[in-house]
Chemist: 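Got a structure for you, written out below as C-alpha cells; questions coming shortly.
Below, each value reflects all heavy atoms present in this structure, side chains not excepted, and no hydrogens, waters or symmetry copies. Residue numbers count from 1 along this sequence.
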Amino acid sequence: RESKMPVSALGTSMLVLTLPLTAALRAPFPFVPRQHIPSGVATARCPSSPRLCNAGLDQDMGTNLYEQQLCAEDECEIPSEDEFTVAILGDLHIDPRKMDDYYKGREDFLPIIQDAKQRGVACAVVSLGDLGESKSVRPEETQELFAGTTECHEMAAEFLGSFGVDYEVIGGNHDLEGIDEFKTDEANLEAFLRIHKKPTPQFVREIAEKTLLVGLCSTVFRSAKYTSHEVTIDDEQVKWFEDLVKSKPAADGWKIFVFSHAPPIGSGLRVLQENHVVNGCCWLNHSGESNRKFIELVRKHRCVKGWFSGHFHLGQDYEDSITFPTIPRELGPYPNRGSCVFAQTSVMRGGTSRDGRQQSRLLRGNAEGFEICSVNHQTGAVRLDATITYTDTNHEVGVYAHEHVELQENDNFMKVYSPTEGDECYISYDEDDLSLDPMKGSCVGDEAVAWWHMSDGRVLGVYDGRLIEYDPSTLAPLGLVVGADELKGRRVLVVGSGMEECKVNTAALSNVVGMEGADCVDAEGEEQAVLLIDDETGTVTVVQPNEDGSYWRKIVRNKMIRMKEKRREQAGKAFAVEAFSTDSPSVVSSWGPYTSIVGTAKTTGVPGLTKQAVDSSILTKLAAHAFSKLPQVAAPRGRSKVWTDVGVEIKAAFESLDTDGSGVVSVSELLAAIQQIDPAADMSGALAIVKAADADGDGRVSLPEFACAALFGLEQAEKTENTQPARAR
C-alpha cells in the first residue's frame, strides 16, 4: 500500500513506502536500493542500474556483489567491520534418496559466501529447522520415520557444515520426530543438540558490532497438547529471549535478527488456510497462552529489526512473504509490528514446495541498514526483494524492490483473507443491540467474507465458506470454528443470550440436576450465542465456545496419541476380521471429553458413530400411532391447544403403548407398536428409540421421557402433513 502520510507526522515511527527512496536517504550499502512501483502509480525514474530495476522477479544481482563494489583492477577496499552476510535455509526435509536439489542449492550459495569471505565480510548459515523427511526413506525395509533420528541429524549436520562457514540451526516441528529411536522429547532433544554441537536449544551470535543473530527452537513433539505440528518455544526460552531484548536497547545501537521455524502471531505473513489455519499450527506457541508474547516484545523493543521463518513451504514472490512494520495505531495502519521486518523463507527441494518454487533467503547488512534477497535454486539467480534503511535507532524506511505475483489457488492451499481494521468487510452492531446478521439474511457461500467482534472482545469471521476465529490484537487467523461441510447452506446469526444482572426467574434451569445456579455464574450481562440457521429443515445449531472462551476448534491431537489410537483400531479390525469372518468389518472409535450440556451423564454413545443413529421417521410414526389411538375430539386444534390439554393427550398416548401398565414402555412394547404401524421397519430401530429417549439410562422409557419423544414426533409430523393423520398433526 502506498503511504501518503508526511514524514513529519510520523514521530518515532517507521515509514513504510512503496515508492523510490529520496535522494536525502543514504543507501545502506555500496549498491543502491531499487523500487517497487504499485499498480496505478506513475513509474518514477529508476535510481540505479536499469538492468536491476526493470528485471522484476527475474532480476539477477549475481554472486560476486562485494567484488564488484569493493574491487577495482587489482585492489580491493576493506569492508567496514559492521558488514555481514547470512544465508538462510528454509525447511530442508532431507531425503537421502533425493539429494540433487540440496547439492544444487549449496552450489548456488558457495560463490556468494566465498565472495563475502574473501573481502573480509562476516558470514553465517542459519537453518530454520525441519531437517528431515517426515516419512520412511527406506519403505521396503522399515516404516520408521526419518525425521528426528540420529541418522537424519548426522546427515543434516554434514550438509550444513559443508558451506564453508559455521552454521546455526533451530528445531522445527519435525526435528524431534524420532519416535521409534527415542522414547521422550528430552532424549530426542539431547541427540539434536549433541549432533549439531549446540549447548542450548536457542542460540545467539554477534555477527557484527552490536548486531545479533538469535534463534528460538521448538522443544515439544510427543507431549504436545494438541497437534504435533505446532511449533512450541518453551517457557525457559521465552524468558531468555525477553531478558535478551531488554538488555540490548535500540537506543544503544543494538540490532537483533531473530530466526524461528514458524513466525509469531501478528507477523502478517501469508498462511495456509487448508493446512496451518485449520490445524491450529500457524504461529509460534499457537494454542498456548504465550502466543502473543513474541509480537508484544517486538512492539516494545525496537532493537528487533528482522525475523525470518519457514514452516509454510511457500515461495518468496508474494508481497506478503515480507511484511514491513507499521506505525502506531493512533497514527495509521493497524497492526503495529514495532521496528521488525518479517520474512517468509521457502524450501530448497522441489518435492517439498507447495507452489513449485525453490528459494532461500540471503540477508546482507551493516550499521546503516540491510537488504533481503532471494536465491532462486531453479536458476541460481540472486534477486533483491527489499531494502531497509535505518535513519536513527527507531526510524527505518522499507522499500520493496520489485513487483509481486499473486498466489494462485489450487487443490492444496488457498489464499487467506486477513481482516484489517476499518475494511469494508467489517460488520458493526446497531446501537444498544447485541444481535448481528453478518450474512444479511443470506446463506454462507464460498464468496462470503465478513468479520465482527463479539461482546467479549473475541473476533469471528466468515471466509472461504468457513467460520474462522481471529486474534483480537493482531487480527491474525487463530483457527477453524465451523468447517465448510457444516456451514454450507446455513445462515450465521449472533444473538444476545445474557441476563440483566442475573435477576430473572430461571428456576427451570437452576433445578436441573448438576446445573444448579449455573445460569448465574459470573453474572455476565452481555453474553452472546453464535447460531447456525438451516432454513430448509428449521434446525438451529448453537456454536458453543471452548472452556477458555475461545471458539476455534482444537481438533487435532499430537501424533503420538494418534499413532497409538491407530494401532488400537488396527487391533480391533484384526479381531473383527477373525470373529465375524469378514474382510471389511465396521470398526469405529469413541472419544471424550463431552458431547452435551447435561449436568449428570449416564450415556456416552455418539449417534451414527458408536451407536445406531435414531430413525426420526420411526419416532414420528410412533408418536402419530400413539395419538391416533386417542378418542377423537370435536375439532383438532393443533398448536393452539393449551399445554394442559396437550399433557392429557400425551399421558393417554403413553398409556396406550404401556400395555402391561408398568408405567414404563419396554423394548417389547415398542416392538409391538412399531410392527403394527410399519411392518417393514427395521426392528433394531426400537432399541435406538429407547436409547434416544431414555434420559436416565435404565433401558426403559418413562412418561416424562416419552413426552419429549412424542413432542419431537409432533414437530416432525407438522412438516409432513400429507403423510400423517390429522390427529397427529
Side-chain angles (χ1 to χ4, degrees), residues 82 84-90 122-129 160 165-172 175 189 192-193 196-219 231-267 269 283-285 290-291 293-311 323 325 337-345 361-367 369-370 372 388 390 393 396:
D82 50 32
F84 63 92
T85 293
V86 183
I88 305 167
L89 313 184
C123 297
V125 170
V126 175
S127 169
L128 298 176
L160 294 172
V165 293
D166 292 338
Y167 75 89
E168 302 287 354
V169 61
I170 44 94
D175 289 314
L189 180 61
F192 169 78
L193 298 178
H196 294 286
K197 297 180 173 58
K198 291 173 61 66
T200 61
Q202 69 271 20
F203 73 80
V204 58
R205 180 199 290 195
E206 189 166 0
I207 187 77
E209 184 179 4
K210 289 193 173 182
T211 301
L212 301 181
L213 306 182
V214 174
L216 299 173
C217 180
S218 186
T219 56
V231 180
T232 303
I233 309 302
D234 58 71
D235 292 341
E236 185 177 344
Q237 285 187 82
V238 174
K239 180 63 167 59
W240 173 86
F241 180 61
E242 182 174 12
D243 291 342
L244 178 69
V245 295
K246 284 181 178 178
S247 66
K248 310 295 181 185
D252 291 347
W254 287 98
K255 305 167 188 66
I256 295 177
F257 295 89
V258 185
F259 304 86
S260 62
H261 183 69
I265 195 169
S267 62
L269 296 175
W283 320 113
L284 292 178
N285 297 7
S290 62
N291 62 357
K293 183 68 173 181
F294 305 102
I295 194 66
E296 289 170 356
L297 291 174
V298 165
R299 290 169 173 173
K300 185 176 181 180
H301 300 283
R302 297 276 176 154
C303 57
V304 182
K305 301 300 184 183
W307 196 308
F308 293 82
S309 59
H311 193 42
T323 56
R337 301 187 189 103
S339 287
C340 185
V341 177
F342 292 91
Q344 160 72 24
T345 307
R361 287 290 187 193
L362 181 64
L363 170 65
R364 289 179 170 133
N366 59 24
F370 60 95
I372 300 175
I388 293 84
Y390 310 136
T393 58
E396 299 85 14

Chemist: Please find the pair of heavy atoms, one from Asn285 and one from Ser290, that lie closest to each other, and give the distance.
Modeler: ND2-OG, 2.8 Å
Chemist: Do Lys293 and Phe241 form a cation-pi contact, if we require the NZ or CZ to be under 6.0 Å from the six-membered ring centre and within 45 degrees of the ring's axis?
Modeler: no
Chemist: Mark yes or no for whether Thr323, through its side chain, and Leu269, through its backbone, hold a donor-acceptor pair below 3.5 Å.
Modeler: no
Chemist: Tell me the closest heavy-atom pair linking Ile170 and Phe192, and the distance in Å.
Modeler: C-CZ, 4.1 Å
Chemist: Could you give me the CA-CA distance, side-chain angles and deciding distance for Trp254 and Val245, then say whether side chain to side chain contact (heavy atoms under 4.5 Å, CB included) is met?
Modeler: CA-CA 9 Å; Trp254 287 98; Val245 295; over 6 Å; no
Chemist: So which atom in Pro249 and which in Lys246 form the shortest heavy-atom distance, rounded to 0.1 Å?
Modeler: CD-O, 4.1 Å
Chemist: Mind running side chain to side chain contact (heavy atoms under 4.5 Å, CB included) on Trp240 and Val204 for me, showing each step along the way?
Modeler: CA-CA 11 Å; Trp240 173 86; Val204 58; 4.0 Å; yes
Chemist: Counting only heavy atoms not in Lys210, do more than 12 sit closer than 6.0 Å to its NZ atom?
Modeler: yes
Chemist: Looking only at atom types and distance, does a side-chain atom of Lys198 sit under 3.5 Å from a main-chain N or O of Val169, one as donor and one as acceptor?
Modeler: yes
Chemist: Would Leu284 and Phe294 satisfy side chain to side chain contact (heavy atoms under 4.5 Å, CB included), going step by step from the backbone distance to the final call?
Modeler: CA-CA 8 Å; Leu284 292 178; Phe294 305 102; 3.7 Å; yes
Chemist: Which of these passes side chain to side chain contact (heavy atoms under 4.5 Å, CB included) with Ile256: Lys248, Lys305, Arg302?
Modeler: Lys248
Chemist: Any chance you could measure Ile88, atom CD1, to Leu213, atom CG, to the nearest 0.5 Å?
Modeler: 8.5 Å
Chemist: Just distance, no hydrogens or angles: give the donor-acceptor pairs under 3.5 Å from side chains in residues 258-266, sequence neighbours left out.
Modeler:
{"residue": "Ser260", "atom": "OG", "partner": "Ala262", "partner atom": "O", "Å": "2.6"}
{"residue": "Ser260", "atom": "OG", "partner": "Trp307", "partner atom": "NE1", "Å": "2.8"}
{"residue": "His261", "atom": "ND1", "partner": "Leu128", "partner atom": "O", "Å": "2.8"}
{"residue": "His261", "atom": "NE2", "partner": "Asp91", "partner atom": "OD2", "Å": "3.4"}
{"residue": "His261", "atom": "NE2", "partner": "Asp130", "partner atom": "OD2", "Å": "3.1"}
{"residue": "His261", "atom": "NE2", "partner": "Asn173", "partner atom": "OD1", "Å": "3.1"}
{"residue": "His261", "atom": "NE2", "partner": "His311", "partner atom": "ND1", "Å": "3.3"}

Chemist: Determine the minimum heavy-atom distance between Cys217 and Gly171, stating which atoms define it.
Modeler: SG-N, 3.1 Å
Chemist: Salt bridge check, Lys239 against Asp235: does any charged N sit closer than 4.0 Å to a carboxylate O?
Modeler: no
Chemist: Taking atom CG of Leu216 and atom CG of Asp234, what is their separation to the nearest 0.5 Å?
Modeler: 9.5 Å
Chemist: Is the backbone N or O of Thr232 less than 3.5 Å from a side-chain atom of Ser218, with the two atoms forming a donor-acceptor pair by type?
Modeler: yes
Chemist: How are the rings of Phe370 and Phe257 set relative to one another: parallel (under 30°), tilted (30 to 60°) or perpendicular (over 60°)?
Modeler: perpendicular
Chemist: At what distance, to the nearest 0.5 angstrom, does CD of Glu242 lie from NZ of Lys300?
Modeler: 7.0 Å
Chemist: Near Glu209 CD, under 6.0 Å, is it more than 12 heavy atoms from other residues, nucleotides or ligands?
Modeler: no
Chemist: Passes side chain to side chain contact (heavy atoms under 4.5 Å, CB included), Ser339 versus Tyr390? Steps please.
Modeler: CA-CA 10 Å; Ser339 287; Tyr390 310 136; over 6 Å; no
Chemist: Nearest heavy-atom pair of Gly338 and Pro325: which atoms, and what distance?
Modeler: O-CB, 3.2 Å
Chemist: Mind listing the closest non-hydrogen atom pair of Val86 and Val126 along with its distance?
Modeler: CG1-CG2, 3.8 Å
Chemist: From Ile207 CD1 over to Phe84 CZ, what is the distance, rounded to the nearest 0.5 angstrom?
Modeler: 7.5 Å
Chemist: Pairs in or reaching into residues 199-208: which pass salt bridge (Lys or Arg N to Asp or Glu O under 4.0 Å), with residues at least two apart or in two chains?
Modeler: Glu168-Arg205
Chemist: Once rounded to the nearest 0.5 Å, what's the spacing between atom CG of Leu297 and atom CG of Asp243?
Modeler: 10.0 Å
Chemist: What is the distance from atom CG of Leu244 to atom CD of Gln237, rounded to the nearest 0.5 Å?
Modeler: 12.0 Å
